[in-house]
Number of protein chains: 2
Amino acid sequence: MPRTGLPRAFNRDEAVTAAMNLFWEHGFESTSLSQLRAVMGNISAASFYAAFDSKEALFREAVERYIYTYGDVTDRFRDTSLTSKAAIEQGLRQSARMQTENSHPLGCLLVLSAVKCSPEQHHIQELLAKERERVRGWLKSCIERGVANGELPDSTDIPMLLTLFETFLRGISIQARDHVPYETMDAAITQLMRVWDLSAKTTTQVGG
Amino acid sequence: MPRTGLPRAFNRDEAVTAAMNLFWEHGFESTSLSQLRAVMGNISAASFYAAFDSKEALFREAVERYIYTYGDVTDRFRDTSLTSKAAIEQGLRQSARMQTENSHPLGCLLVLSAVKCSPEQHHIQELLAKERERVRGWLKSCIERGVANGELPDSTDIPMLLTLFETFLRGISIQARDHVPYETMDAAITQLMRVWDLSAKTTTQVGG
DNA sequence: CGAGTTATGGATTGATCATTCTATATATTA
DNA sequence: TAATATATAGAATGATCAATCCATAACTCG
C-alpha cells in the first residue's frame, strides 16, 4: 500500500492477468518484455521494473494467479465429499472444459508454457514440473482413498491407475491446442472411466 | 554431390542428427544457432549457411529425420497385417517405450519442440501440427478398419475412440518428460485397451 | 510551501539473436 | 599451371533481448 509518492498509473492486478494470458498463449521464453509491457497497458520499462523484480518474478505471479483461477479445476481431485471415482471423473471433465474454452488460450498453462526452454532457464521448467507434481499427488491420494474406502480392491495397481488418468489429463493440453472439441473429449472420458469400473469389479488377487 | 571446390569439412548427415537432438531437447526457438553450430562440429556461421538455407530449413530437415527414425513407431497404426486393436496397442506401447528411452531426449519431438512460440513463427507450430494430424489420420483409419472388418460394431463412436487413444498418446510426451517410467505407462496401456474390448462387446445400438 | 517519496518517459546498457560479408584456403577440371 | 568452384575463418550486420539509468512529474506529509 503506497502511502506517498506518485501513485501507479496502471492497475497492477489487471496487468498480471494480462501477462498471464500472454505467457499462457506463447510460453515463458517466447513472450518478450516489450510484448508484456504492451498488454499491461503500454507501460514503460521503468514502470515495469518499479512494480516487478524481473520477467521471471512476473511469471511466478502469473503462474500463481493461474493456479488460483483457471487451474482450480483440478481441486476436484481433492474433494473428499465425492466418491473417488466422481472426483477423478469431474476433475477430468472440468479440465477438458476449461482448456477448450475460447475466452482464453487453449490448453493448460502449467503443461505448455515452459515445456521447453534454454538450459540457463531450467529452473522455470522445474517450477512448473513441481506444480504438475502437486496435481499428481492429489490424483494419487484420490485413488488411495478409493482403495481405503472400498471403492477399489486392495490389489489395485495404484501407480498404473494414476498414470492412466494423469497421462490422459496431460494429453488434454495438446488436444485442446489442436482444436479437438470438448464434446469429443468428454465422451472419451466417459469411456476412460469404465476402466475404473473394471478395476472396481476385479476380485482381490495376490499382489506381486 | 559436390564435384569441384573445397569439400565440406564436417559430416552433413551427422550434423543434422546432432541438430535434431538439440531441437528435440530444447525446442525450436530456445535452440540458438551458436548452440547448433557447436554440436554440429564447431562449424562457423559461414559453413552453416553454405550447407543450410536457414535455421528453419535445418529444423525442417531435423523433423523429417525424426519422422523417419524415432518417429516411425507410429507406423504400427498403419500396419494392416495386424488387427486394428493390436495396431493401436502396439503403436501406443512402442511410442511409450521410445519416448522414455534415455539414449535421446524424452518425449516426442513433434509434440514438444514447438508447442509454444512467438507469433512471427506461427508457421513452425503449424508444421508440427500438420505432422500430428497425419498420425491422427492413421489412428482414425485404423479404427475405421476395425469397424469395417467387424472388430468393432457399426455403432462405434469413432471420434470418441480416436480422441481417447490420441489424447493418451499425446499425454505420453508430457509424462515421459516428467520421468514417469515406461513400465507404468505400459501397464496403463493394458488397462486402456480394455475400453476397446468393451466397445467390441457392446451390442449394436441406434446411432444418434 | 518544502521535504520526502514514488512512478514515469525516454534514452541506454551490454548481451545475444539470426544472418551476411570479405578474404582466403583448398579442392577439381582443363 | 590456370581457371573455376566451393568451403572456410572471422569480423560485422542490424535487430531484439532483459534490464538499468537519469531527469522529471506527481503525489503525501509536515
Side-chain angles (χ1 to χ4, degrees), chain A residues 1-16 18-19 22-23 25-62 113-114 116-125 127, chain B residues 1-16 18-19 22-23 26-62 113-114 116-124 127:
Chain A
M1 51 174 84
R3 297 194 58 80
T4 73
L6 182 63
R8 187 175 286 123
F10 67 97
N11 186 313
R12 197 183 185 281
D13 225 53
E14 290 173 4
V16 171
L22 207 58
F23 281 131
E25 178 67 35
H26 301 295
F28 175 71
E29 281 196 325
S30 295
T31 303
S32 70
L33 216 70
S34 48
Q35 289 173 322
L36 285 167
R37 281 162 36 212
V39 301
M40 291 165 89
N42 275 313
I43 63 175
S44 69
S47 295
F48 178 91
Y49 285 99
F52 305 95
D53 280 350
S54 63
K55 181 185 174 184
E56 178 175 334
L58 172 64
F59 182 70
R60 289 177 183 273
E61 275 201 55
S113 68
K116 298 284 178 132
C117 65
S118 341
E120 60 268 24
Q121 263 146 353
H122 185 66
H123 58 289
I124 295 284
Q125 277 181 290
L127 162 73
Chain B
M1 51 175 88
R3 298 195 56 81
T4 74
L6 184 63
R8 187 174 287 123
F10 66 96
N11 186 313
R12 196 184 184 281
D13 225 53
E14 290 173 5
V16 171
L22 206 56
F23 281 132
H26 301 295
F28 174 72
E29 281 197 324
S30 295
T31 303
S32 70
L33 215 72
S34 48
Q35 289 173 322
L36 286 167
R37 280 162 38 213
V39 300
M40 290 165 89
N42 275 311
I43 63 175
S44 69
S47 295
F48 179 91
Y49 286 98
F52 305 96
D53 280 350
S54 62
K55 179 185 173 183
E56 177 175 336
L58 171 64
F59 182 71
R60 289 177 184 273
E61 275 200 56
S113 68
K116 298 285 176 128
C117 65
S118 344
E120 60 267 22
Q121 263 147 351
H122 185 66
H123 58 289
I124 295 284
L127 162 73

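Only heavy atoms go into these numbers, but all of them, side chains included; no hydrogens, no water, no symmetry mates. Throughout, a chain's letter reflects where its sequence line sits, starting with A, and its residues are numbered from 1.
Judged as a side-chain hydrogen bond (donor to acceptor under 3.5 Å, both in side chains), and not counting sequence neighbours, the contacts of A/Gln35 are A/Ser32. Listed by chain and number, the residues in a side-chain contact (heavy atoms from CB on, under 4.5 Å) with A/Ala19 are A/Phe23, A/Leu36, A/Met40, A/Leu58 (sequence neighbours excluded). The side-chain contact (heavy atoms from CB on, under 4.5 Å) check on A/Ala57 picks up A/Asp53, A/Ser54, with sequence neighbours excluded.
Axis orientation changes by 0° from one end of the helix from C/dC1-D/dG30 to C/dA30-D/dT1 to the other, with each end axis drawn from 5 pairs and the value rounded to 10°.
An OP1 or OP2 oxygen of D/dT8 is reached within less than 4.0 angstrom by a side-chain nitrogen or oxygen of B/Ser47. Under 4.0 angstrom from either OP1 or OP2 of D/dT20 there lies no side-chain N or O belonging to A/Tyr49.
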Protein-nucleic acid N or O pairs under 3.5 Å, nucleotides 13-17 of chain C:
unit_1, atom_1, unit_2, atom_2, d
C/dC17, OP1, B/Ser32, OG, 3.4
C/dC17, OP2, B/Ser34, OG, 3.3

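If you take CZ of A/Phe48 and P of D/dA19, they are 7 Å apart, rounded to a whole angstrom. Residue A/Phe59 contributes atom CZ, which lies 14 Å from atom P of D/dA18 at whole-angstrom precision. One can place CD of A/Glu56 at 14 Å from C1' of D/dA19, the figure rounded to the nearest angstrom.
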Expected string for nucleotides 21-30 of chain D under the B/S/- scheme (protein heavy atoms, under 4.0 Å, primed atoms plus P, OP1, OP2 as sugar-phosphate) is B---BBBSS-
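A/Phe52 comes within 4.0 angstrom of nothing in the nucleic acid, heavy atoms only.
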